[in-house]
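Reading through the structure tokens given below for one structure.
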There are 2 protein chains.
Amino acid sequence: MLPEKKISTAVIKRLPRYYRYLGDLLENDVVRISSKELSERMKVTASQIRQDLNNFGGFGQQGYGYNVEYLYKEIGKILGLENKYNIIIVGAGNLGQALANYTDFEKRGFIVKGLFDVNPRLIGVVVRGIEIKDVDEIDAFVKENDIHMAALTLPKQKAPKVANDLVKAGVKGIWNFAPIDLNLPKGVVVENVHLLDSLMTLSYTISQEEKDQ
Amino acid sequence: MLPEKKISTAVIKRLPRYYRYLGDLLENDVVRISSKELSERMKVTASQIRQDLNNFGGFGQQGYGYNVEYLYKEIGKILGLENKYNIIIVGAGNLGQALANYTDFEKRGFIVKGLFDVNPRLIGVVVRGIEIKDVDEIDAFVKENDIHMAALTLPKQKAPKVANDLVKAGVKGIWNFAPIDLNLPKGVVVENVHLLDSLMTLSYTISQEEKDQ
DNA sequence: TAGATTGTTAATCGATTAACAATC
DNA sequence: TAGATTGTTAATCGATTAACAATC
């Protein structure tokens, strides 16, 4: 394998946003777009768009711009969306159930295969056709069902142990909603969604705006 | 008001994480900590910690380090957590209800005062003691109940109009879960939580790891 | 006082923006 | 061909890290 140059996370985090805008353009039957026009819609510089895209290849054409459908598909490929991902959700409380019910994920190839919890009251409950199972069954389930990723939607006390179990079972990525940093072996990917952090950031910025009055 | 130097968002986004680590230290009765030790726990450089904190003031003491409780409280103040924030949730589907049930928010002073939806089936349903109301009632409710922030947990089609209504009613910040960028007047703060974007980032990184094998 | 560790300046690194030659 | 717009190099800007004098 060629030692490709490492793409910065700043760039990667922008890709889904490009994907979203291109998807909208596609829905509106826009066939082509220049970096300049896209930059105006997205409120970023055209230079940044071109730089970002050229990390992955030359998707445009001089004098023409970018073909919307082609670029949309190419970014989808870069993001790995041509694959299907089997996921399980560990922690079937309100948030876990909300994720299980979120249909947009399936549209992009993220298929919820299982739901797990420790709470005996929840075990056996059916959510969107999926029966909530005991976390003790995770290991077998992951191995039998080719599970790639797990969403962790449980209290922080339980998160580290469950995360380790998931990794041992063979999960490659963890979508972590627990308010704690997971330390996992190299090669296992963690993507954090810290809702309270996000809310505090909002609180900070509102406080600042008020001072500026 | 003094024209304080603008703090970069990179710094601000790190504050909640400091706050989390300091809270844990406090729970474990750790009285003082040096930037070096904290840096080892958090896996960042000690230099970055000191630089970040010194944006807001000198909270440490040479030869000693930082008093954990003091620093924890100071970061809390910076984040605006000494205030109470009344919030409403617009969109009482699975995600909205999950947020309404999340008790950690209240612990930090974010009080859910109202729940709203367009779906007649949901209106009147009671979640955690709060009756779901029609979105038509938002304007009056925001004005009467001193609502500072609104979580937007509804489909993207409905988000822009509701966001505008919220701003007109006087909301200062929007916690946006809809997969769309809101264009709101200056002074109104938007904090985005794009779950699908986050999931795609995870998908990208997993794909990369697989290539590296 | 001596040792430890901050606060802060200076150096480095990386990301963003500008500029323009290449080319459709 | 002329005009438009990319791909890419160079310049700028900002964020991170290193270093160290100040000081507890």
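Labels below follow one simple rule: chain letters A, B, ... track the order of the sequence lines, proteins then strands, and each chain is numbered from 1.
The pair B:Asp181-A:Lys43 does not count as a salt bridge, with every side-chain nitrogen at least 4.0 angstrom from each carboxylate oxygen. Salt-bridge annotation for A:Asp104 and A:Arg108: absent, with no side-chain N of the basic residue lying under 4.0 Å from a carboxylate O of the acidic one.
Of the residues in residues 62-78 of chain B, those placing a heavy atom less than 4.0 Å from an atom of DNA chain D are B:Gln62, B:Gly63, in numerical order. Of the residues in residues 7-25 of chain A, not one places a heavy atom less than 4.0 Å from an atom of DNA chain D. Taking every heavy atom of residues 45-52 of chain A and every atom of DNA chain D, pairs under 4.0 Å involve A:Arg50, A:Gln51, by number.
One N or O on the side chain of B:Asn55 and one on the backbone of B:Asp52 form a donor-acceptor pair closer than 3.5 Å. Here the side chain of B:Arg50 pairs no donor or acceptor atom with the backbone of B:Gly60 at under 3.5 angstrom.
Of all non-hydrogen atoms in A:Leu184 and A:Ala163, the two that sit nearest each other are CD2-CB, 4.1 Å. Across all non-hydrogen atoms, the minimal contact from A:Val171 to A:Ala150 is CG1-N, 4.0 Å. Nearest heavy-atom pair, A:Thr205 versus A:Thr201, reported as atom, atom and distance to 0.1 Å: OG1-O, 2.8 Å. Pairing each heavy atom of B:Leu115 with each of B:Ala92, the nearest pair is CD2-CB, 4.2 Å.
Cation-pi geometry between A:Arg41 and A:Tyr21 is not met at under 6.0 angstrom from the ring centre and within 45 degrees of the axis. Cation-pi geometry between B:Arg32 and B:Tyr66 is not satisfied (NZ or CZ under 6.0 Å from the ring centre, within 45° of the ring normal).
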Run the side-chain contact (heavy atoms from CB on, under 4.5 Å) check on A:Lys113 and A:Ile111 step by step: do they pass?
-> CA-CA 6 Å; A:Lys113 290 282 184 179; A:Ile111 320 287; 4.1 Å; yes
TODO: Please lay out, stage by stage, how B:Tyr102 and A:Asn94 fare under the test side chain to side chain donor-acceptor pair (under 3.5 Å).
DONE: CA-CA 8 Å; B:Tyr102 203 52; A:Asn94 289 289; over 6 Å; no
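By the 30° and 60° cut-offs, the orientation of the rings of A:Phe110 relative to A:Tyr85 is parallel.
A salt bridge (Lys or Arg N to Asp or Glu O under 4.0 Å) check over residues 81-97 of chain A, counting only residues at least two apart or in different chains, returns nothing.
The span of DNA chain D lying next to chain A, judged by atoms under 4.0 Å from heavy atoms, is bounded 5' to 3' by D:dA4 to D:dA10.
For A:Tyr72 and A:Tyr18, the distance between ring centers is not under 6.0 angstrom.
Counting only Watson-Crick or G-U wobble pairs whose defining distances are both under 3.5 Å, the stems of 3 or more consecutive pairs in DNA chain D are C:3-24 with D:3-24.
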